[in-house]
Amino acid sequence: MLELDQLFKNIYLWGENLFTQWGIPLFWLELLGMLIVAVIILAFMSLSVLFLVWWERKVSGHMQSRFGPMRTGWHGWLQTIIDAIKLILKEDTTPGTADKIGFLIAPIIVFVSAFMAYICIPFGKGLIVKDLNIGILYILAITTFTVIGLLTAGWCSNNKFSVLGGFRSAAQIISYEVPLTLSILGVVILSQTLSMQSIVNSQKHIWEWYIFRQPIGFLIYLVAAIAEINRVPFDIPEAEQELVAGFNVEYSGIKFAMFFFAEFANLFLVSAIATTLFLGGWNGPLLPSWIWFFIKSFFLVFVIMWFKWTFPRLRVDQLMGFAWKFLLPLAFINLILTGLFA
Amino acid sequence: MFESYLALALLIIIVTGFGAGIILVSKFIGRRPPLREKLLPYECGNIPEEDARGRFPIKFYLVGILFIIFDIEIAFLFPWAVIYKELGIFGLIEMGIFLAILLIGYLYILKKGGLKWE
């Protein structure tokens, strides 16, 4: 039907033929392929981020009995595109007291680590850039680089709010990293593999989805993932009322846009990982696999946005206590139970 | 297998280049004259009197240390989890002992108030 994996395979084979006919080493084909992959994924990320920002504003609006953006285009669909253009045109200042190099590379680190995780997401049957045999471990490792980016941003801005926001972000993200990884280990025990594509293949039928065999694990993952991406019940680092905007106070223009971009790219990313690990990935009847993947992922994104308007923000001590005193023991109990009954 | 990691390294270079490029483009489009006031760090209208990077609460450091302990532990759990079904009951007992040792450590941290956040 509308499966896309054959299409990409055919394009690759066609390219291989062409390159062997012209006598160019296949290394250049790989290089060209990587360039094309980078462009496709960047385009996909930009589109999904533009859509998610618009959607977030619409969802927020309707949950508060208002409309959200309405003026630009049909129900304001052009709004985020115009915002993006505005951010590129804006002045990009670097504070005089800031550490110039660190200030410059921090948004790039955050941006690159968000992008690199997309390489291992199975968007559909055969639609994965690199199906590494350490897939999920690789994703966990590469997304953790975000912490370094945020800490660099906070420290190098040389602003009280930024420094404190950076510390808080780092403390929060690394605290929630532990229960998050432990909840993923439950799935790894059941599926006996780290490769994302094999994990999806091991949940072909709906009763095999790991959400039914790992309900506690799924909840821990969801809560910890929301904390990882600094979203609302856990958005202490960006608490507007006390820290202005956290680590990105001094950022303006395109560098601010890159942080914002990475934040929403990570929002989709954690939903996509949850879909892959717990909701059967791209498995589903009738519709093409990639459509199923997007339905499930965007549903989870909607749930995370729903959380935003349901739960009030936690205090810092509650936040850290929740991670270390509740989620961590719970994740260990879940892991041991999984081990006993696997 | 090595080739796919090479490809990943290549991708990192490409995307870093892209990120740096877009900042550079914006620098040319969005250039405005810098003023002294504009370059001051933002502090709700006050002029900052000292460097923002002074002393910081020790608890952040403590969280970092605790994270390293538990993260290394998880790094040990990964290979165990992948071959769990091959190991059978042996793996369960062995990892149970490992986790029990860590549990004692965790209880010690809890009792010493290492997880308290004031």
Side-chain angles (χ1 to χ4, degrees), chain A residues 30-31 34-35 37-38 42 88-93 95-97 104 107-108 111-112 115-116 119 130 132-133 137 155 157-163 167 170-171 174-175 177-178 181-182 185 188-189 192-194 244 249-250 253-255 258 316-317 320-321 324-325 328 332 336 339-340 342, chain B residues 1 3-8 10-12 14-16 18-20 22-23 25-27 29-32 34 36 38-44 48 51-53 56-57 59-60 63-64 66-67 70-71 74 77-78 81-86 91-92 95-96 99 103 106 109-110 115-118:
Chain A
E30 287 288 329
L31 191 70
M34 280 299 124
L35 259 174
V37 160
L42 276 173
I88 294 173
L89 295 177
K90 281 272 178 186
E91 180 183 5
D92 182 13
T93 54
T97 49
L104 176 69
I108 299 180
F111 176 75
V112 171
F115 172 89
M116 286 310 287
I119 301 300
K130 285 277 173 210
L132 296 177
N133 55 4
L137 186 61
W155 184 261
S157 299
N158 203 354
N159 174 315
K160 276 175 191 161
F161 300 114
S162 303
V163 174
F167 280 142
I174 62 177
S175 295
E177 185 88 22
V178 178
T181 320
L182 284 171
L185 273 171
V188 174
I189 287 182
Q192 293 290 289
T193 176
L194 292 172
V244 197
V249 177
E250 292 294 348
I254 191 69
K255 287 185 198 138
M258 281 169 89
V316 180
D317 57 329
M320 302 306 281
W324 289 103
K325 289 181 192 161
L328 180 64
F332 268 118
I336 291 165
L340 284 174
Chain B
M1 207 58 223
E3 280 83 36
S4 50
Y5 292 107
L6 204 68
L8 290 183
L10 210 65
L11 266 178
I12 289 184
I14 292 171
V15 179
T16 311
F18 180 83
I22 196 166
I23 288 178
V25 166
S26 162
K27 211 147 198 99
I29 301 175
R31 192 161 43 180
R32 313 273 193 287
R36 202 187 73 85
K38 234 192 253 177
L39 297 181
L40 283 176
Y42 173 80
E43 209 174 305
C44 299
D51 199 77
R53 295 176 287 210
F56 66 87
K59 51 200 176 183
F60 289 112
V63 167
L66 291 180
F67 165 72
F70 283 99
D71 215 39
I74 288 169
L77 283 173
F78 261 103
V82 176
I83 54 163
Y84 179 75
K85 281 176 185 160
E86 280 173 49
L92 185 66
M95 212 24 102
L99 289 183
L103 184 72
Y106 177 77
I109 296 166
L110 208 62
L115 302 179
K116 233 180 253 164
W117 191 280
E118 270 116 38

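Since the structure is predicted, the reported quantities are computational estimates derived from the model, not experimental observations. Order of the sequence lines fixes the chain letters, A, B, ..., with proteins taken first and strands second; residue numbering starts at 1 for each chain.
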Side chains of B/Ile22 and A/Met258: does their closest heavy-atom pair fall under 4.5 Å? yes
Quick check on B/Leu92 against chain A: is it the side chain, the backbone, both or neither that has a heavy atom closer than 4.5 Å? side chain
Contact class of B/Leu8 relative to chain A, heavy atoms under 4.5 angstrom: both
Using heavy-atom distances under 4.5 Å, tell me whether A/Ile108 contacts chain B through its side chain, its backbone, both, or neither. side chain
Contact summary for A/Leu340 and B/Tyr84, nearest pair of heavy atoms: N-OH, 4.2 Å
Return the orientation label for the A/Phe111 and B/Phe18 ring planes: parallel under 30°, perpendicular over 60°, tilted otherwise. parallel
Can you say whether A/Leu328 sits under 4.5 Å from chain B via the side chain, the backbone, both, or neither, judging by heavy atoms? side chain
At a 4.5 Å cut-off on heavy atoms, which part of A/Val163 comes close to chain B: side chain, backbone, both, or neither? side chain
For A/Ile119, which atoms come within 4.5 Å of any heavy atom of chain B: side chain, backbone, both, or neither? side chain
Give the minimum heavy-atom separation between A/Ile174 and B/Gly64, together with the two atoms involved. CD1-CA, 3.9 Å
What heavy-atom pair brings A/Gln192 and B/Val82 nearest, and what distance separates the two atoms? OE1-O, 2.8 Å
Could you report the tightest heavy-atom contact between B/Val63 and A/Ala171, atom names first, then the distance? CG1-O, 3.9 Å
Which heavy-atom pair separates A/Trp324 from B/Leu66 by the least distance, and what is that distance? CH2-CB, 3.8 Å
Could you please spell out the steps behind the side-chain contact (heavy atoms from CB on, under 4.5 Å) verdict for B/Leu11 and A/Phe115? CA-CA 9 Å; B/Leu11 266 178; A/Phe115 172 89; 4.2 Å; yes
Quick check on A/Lys255 against chain B: is it the side chain, the backbone, both or neither that has a heavy atom closer than 4.5 Å? side chain
Chain B contact via A/Met116 - side chain, backbone, both or neither, heavy atoms under 4.5 Å: side chain
Where does B/Ile14 contact chain A at under 4.5 Å (heavy atoms): side chain, backbone, both or neither? side chain
A/Ile254 and B/Ile23: which non-hydrogen atoms are nearest, and at how many Å? CG2-CA, 4.0 Å
Measure distances from A/Leu42 to the heavy atoms of chain B and classify the residue's part below 4.5 Å as side chain, backbone, both or neither. side chain
Side chain to side chain, B/Phe78 and A/Thr181, heavy atoms closer than 4.5 Å: yes
